[in-house]
**Q** 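Have a look at the structure that comes next, please.
Letters A, B, ... mirror the listed sequences (proteins, then strands); counts begin at 1.
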Protein chains: 2
Amino acid sequence: MRQSFAKSCQGWCNGLTFERLTMADAPTRHTGTAPTIRDVAALAGVATSTVSRALSNPDRVNRVTRERIEKIAAELNYVPSSQARGLSSGRTNAIALLVPDVTNPFYFDIIRGTQNQLKAAGYTQLLVDTEESAEMEADTLRKMQRTADGFILAASRLSDATLAEAAANQAIVTINRSSSYAPTVMIDTPGAVIQALEHLTSLGHSRICYVGGPSSSWSNAKRWKTFDDETRDRGLTTSRVGPFAPKMTSGAAAADAAVRTGATACIVFNDLLAIGMLQRLRERGIRVPEDMSIVGCDDIFGADFCNPPLTTMASPIEQAGRVAVSMLLAQLGPLRSASSRRLAVMPTHLTVRGSTGSAPQQG
Amino acid sequence: MRQSFAKSCQGWCNGLTFERLTMADAPTRHTGTAPTIRDVAALAGVATSTVSRALSNPDRVNRVTRERIEKIAAELNYVPSSQARGLSSGRTNAIALLVPDVTNPFYFDIIRGTQNQLKAAGYTQLLVDTEESAEMEADTLRKMQRTADGFILAASRLSDATLAEAAANQAIVTINRSSSYAPTVMIDTPGAVIQALEHLTSLGHSRICYVGGPSSSWSNAKRWKTFDDETRDRGLTTSRVGPFAPKMTSGAAAADAAVRTGATACIVFNDLLAIGMLQRLRERGIRVPEDMSIVGCDDIFGADFCNPPLTTMASPIEQAGRVAVSMLLAQLGPLRSASSRRLAVMPTHLTVRGSTGSAPQQG
DNA sequence: AACACATGCGCGAACTCCAGGCAAAGATCA
DNA sequence: TGATCTTTGCCTGGAGTTCGCGCATGTGTT
């Protein structure tokens, strides 16, 4: 073995000694922090490349050598720097999740879903709040193009053109934002709206109001369209109020506007807004569901314990996050998405709770 | 971009669509198009080092050259790879936030706070769920030692020894986990518990139960100790039940246990558990607050609109997250924490809502 | 038994991208 | 014209991966 050429040097890791070839002194700092691949290689008496392969491509290294290297690496607590690894491989093992508003519980569920799935796949999640701004979203996408291997855009505010451009340059999956440019996870809102309408009409409601969310929201447009299409043939009196910001505080304005339309039931853009409305209605002495029925959307945390509990179009949000991750990773995989899905539709169902009831008798 | 991408994109419909890559360069490394500093340098007719300086150290480069470089960089959409930058600087510009459970709304607020503050400082947030496991927490800390510049541990489950060791090697700030090894942001639970006790006794309650959270939780221990100390001198009949997992589903068991103690009021480890208890008590026909008063802790999302709205020890959780970030960044700064704060205590106040009321008259 | 060929293993160099030190070249001033 | 700046280029370091290649066996053939 070549170790006979080596001379023993002063160990710098917990009193261990190691062999070093008679070369110019490599500038290995012994700061006690973060051992590098070189440290491992020196201790194991092999080249750095061998260490690299032993750890990342084990079957291309002799078993004894590999085990020795693994042992030493473990002793040193060696962790390959993902920074340096990413340099040559071009990958970061991180994916970014862009949400319009970390404040919104809807996105919490998505965060949770992606987080779980990414961790399972050994990826790191980079969480970014784009503050409901398309510009900020595009900006983040640009700035992080090298930082993340891929992006999940939840409820993207991007224009079609911008999204197309972005998707051409990086791996992207959208959630609740249909697009022909990037794979998408859709939550089946149309189906849910239809269920909600059926529920309300079967309870005798004939004057129904759609309480709209932000105008830049794709899913809001979709929900309204379905609502509009489906009510046309049923002899219902419909109205629409909004747009309202998807926050609880907008609930007061939304409730007042909805009441003014004379409707006896509302289908509301999302649960946050709906819960805000419930509060306002109670303040005003309007009983739910006796005077007014409310249907929310998303089934967020809190929809089950608000007062009254909210009837809502429940969607498997967390699962949507997980599916988005799978689709993204498939895109990144070696098979290059030859057959990977472009669209996943998450099923939705109506969860009936206390906020909907029979239509009030006509005075 | 140069990609002729718009072709062969199926419209989306219900059902699944498949993508087929018809482009010549099958391995469309999305990053293959990402310009490097070399591209910019070549186009600008300067050396790469000049580009580097022009962008990160502008006053060391002639204005005309700099502007030319900036223009070209902008045209190319050039973004320096944080990977490579980190290599030489040793910094990643990323901070990891470790939370025991992303599911818990309490941490949502922390996530939100750190997210905002980090973004403002130009840092990326790496979110990790440690699943309430000390081992997993330590593991993450080790694995990410090179990935993040610093760590924020929310409600750390680490043992003192492990925490000490970790803090010796990396920049760490803890939230709600006192320690002499790392700077800490504390939420003033003792103060809150005292306020809650005063509130309850002033309402005539004399039999009060503490509903405990997980035994590994430092703040749970702290809350119980304060409760115990403070009730001793007041001639109150106290009891303790638990430990319970800090989840809504544990509320049922917690409620049943609390009722059995004969207490007329409960101080509950956190709001999640408290809200779960409210549900159970209603199921059992026990009225809140007429038969039983409930005080939660944290004032999470939902505490204001549950039924009845929850009286709770409100803490500025989001602000705690922000402060943690500031403390961490101070630690990372050039001054090396010589004078940076080791402890921040966030004030707390009792927010009285509908879940507390006068003690029931003795039968 | 000797030789040719095949295989496995590990080395070293080249590469990734950026920052920064040093030095050279050009510009300005005395 | 020499001295002092100012600008800019060259080169190296930093941590890891990848690839070509040589060395040392191992196998098969005559």
**Q** Please report, rounded to the nearest Å, how far the P atom of dG16(D) is from the CG atom of N57(A).
**A**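 It is 17 Å, rounded to the nearest whole Å.
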**Q** Does S81(A) place a side-chain N or O at less than 4.0 Å from the phosphate oxygens OP1/OP2 of dA15(D)?
**A** no
**Q** Would you say dC17(C) has OP1 or OP2 under 4.0 Å from some side-chain N or O of Y78(B)?
**A** no
**Q** To the nearest Å, give me how far apart CG (N62(A)) and C1' (dC23(D)) are.
**A** 15 Å
**Q** In whole angstrom, what separates R91(B)'s CZ from dG14(D)'s C1'?
**A** 16 Å
**Q** Verify the contact: side-chain N or O of T50(A) to OP1 or OP2 of dC11(C), cut-off strictly under 4.0 Å; return yes or no.
**A** yes
**Q** Measure the shortest side-chain to side-chain distance between R177(A) and L153(A) over non-hydrogen atoms and say whether it is less than 4.5 angstrom.
**A** no
**Q** Which part of the nucleic acid, if any, lies within contact of V51(A), taking any heavy atom under 4.0 Å across all strands shown: a base, the sugar-phosphate backbone alone, or nothing?
**A** nothing
**Q** Of V61(A) and R38(B), whose nearest nucleotide on DNA chain C comes first from the 5' end?
**A** V61(A)
**Q** Exactly one of E137(A), E132(A), E131(A) should register a salt bridge (Lys or Arg N to Asp or Glu O under 4.0 Å) with R157(A). Which one does?
**A** E132(A)
**Q** How long is the line joining CG of L87(B) and P of dC18(C), in whole Å?
**A** 11 Å
**Q** When the distance from CZ of R60(B) to C1' of dA19(C) is rounded to whole Å, what number comes out?
**A**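 My rounded result for the distance is 13 Å.
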**Q** Rounded to the nearest angstrom, tell me the gap between atom CZ in R85(A) and atom C1' in dG14(D).
**A**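 These atoms are roughly 16 Å apart.
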**Q** Quick one: label T65(A) by what it contacts on the DNA or RNA (base, sugar-phosphate, nothing), any heavy atom closer than 4.0 Å.
**A** sugar-phosphate
**Q** Can you find a side chain N or O atom of S56(B) that sits less than 4.0 Å from OP1 or OP2 on dC18(C)?
**A**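 No, S56(B) has no side-chain N/O under 4.0 Å of OP1/OP2 on dC18(C).
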**Q** Please report the distance, rounded to the nearest Å, between CD in Q83(A) and P in dT17(D).
**A** 13 Å
**Q** What is the separation between atom CZ on R63(A) and atom P on dC9(C), rounded to the nearest whole Å?
**A** 12 Å
**Q** Please compare R53(B) and A84(B) by the position of their nearest nucleotide in DNA chain D and report the one closer to 5'.
**A** R53(B)
**Q** Between the main-chain N or O of G113(A) and the side-chain N or O of N116(A), is there a donor-acceptor pair closer than 3.5 Å?
**A** no
**Q** Please compare R146(B) and S49(B) by the position of their nearest nucleotide in DNA chain D and report the one closer to 5'.
**A** S49(B)
**Q** Strictly distance-based, threshold 3.5 Å: is any side-chain N or O of R68(A) a donor or acceptor partner for the main-chain N or O of A44(A)?
**A** yes
**Q** V79(A) near the nucleic acid: base, sugar-phosphate alone, or nothing, with a heavy-atom cut-off under 4.0 Å?
**A** sugar-phosphate
**Q** Which value, rounded to the nearest 0.5 Å, describes the distance between Y107(B) atom OH and L98(B) atom CG?
**A**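 Rounded to the nearest 0.5 Å, the OH-CG separation comes to 11.5 Å.
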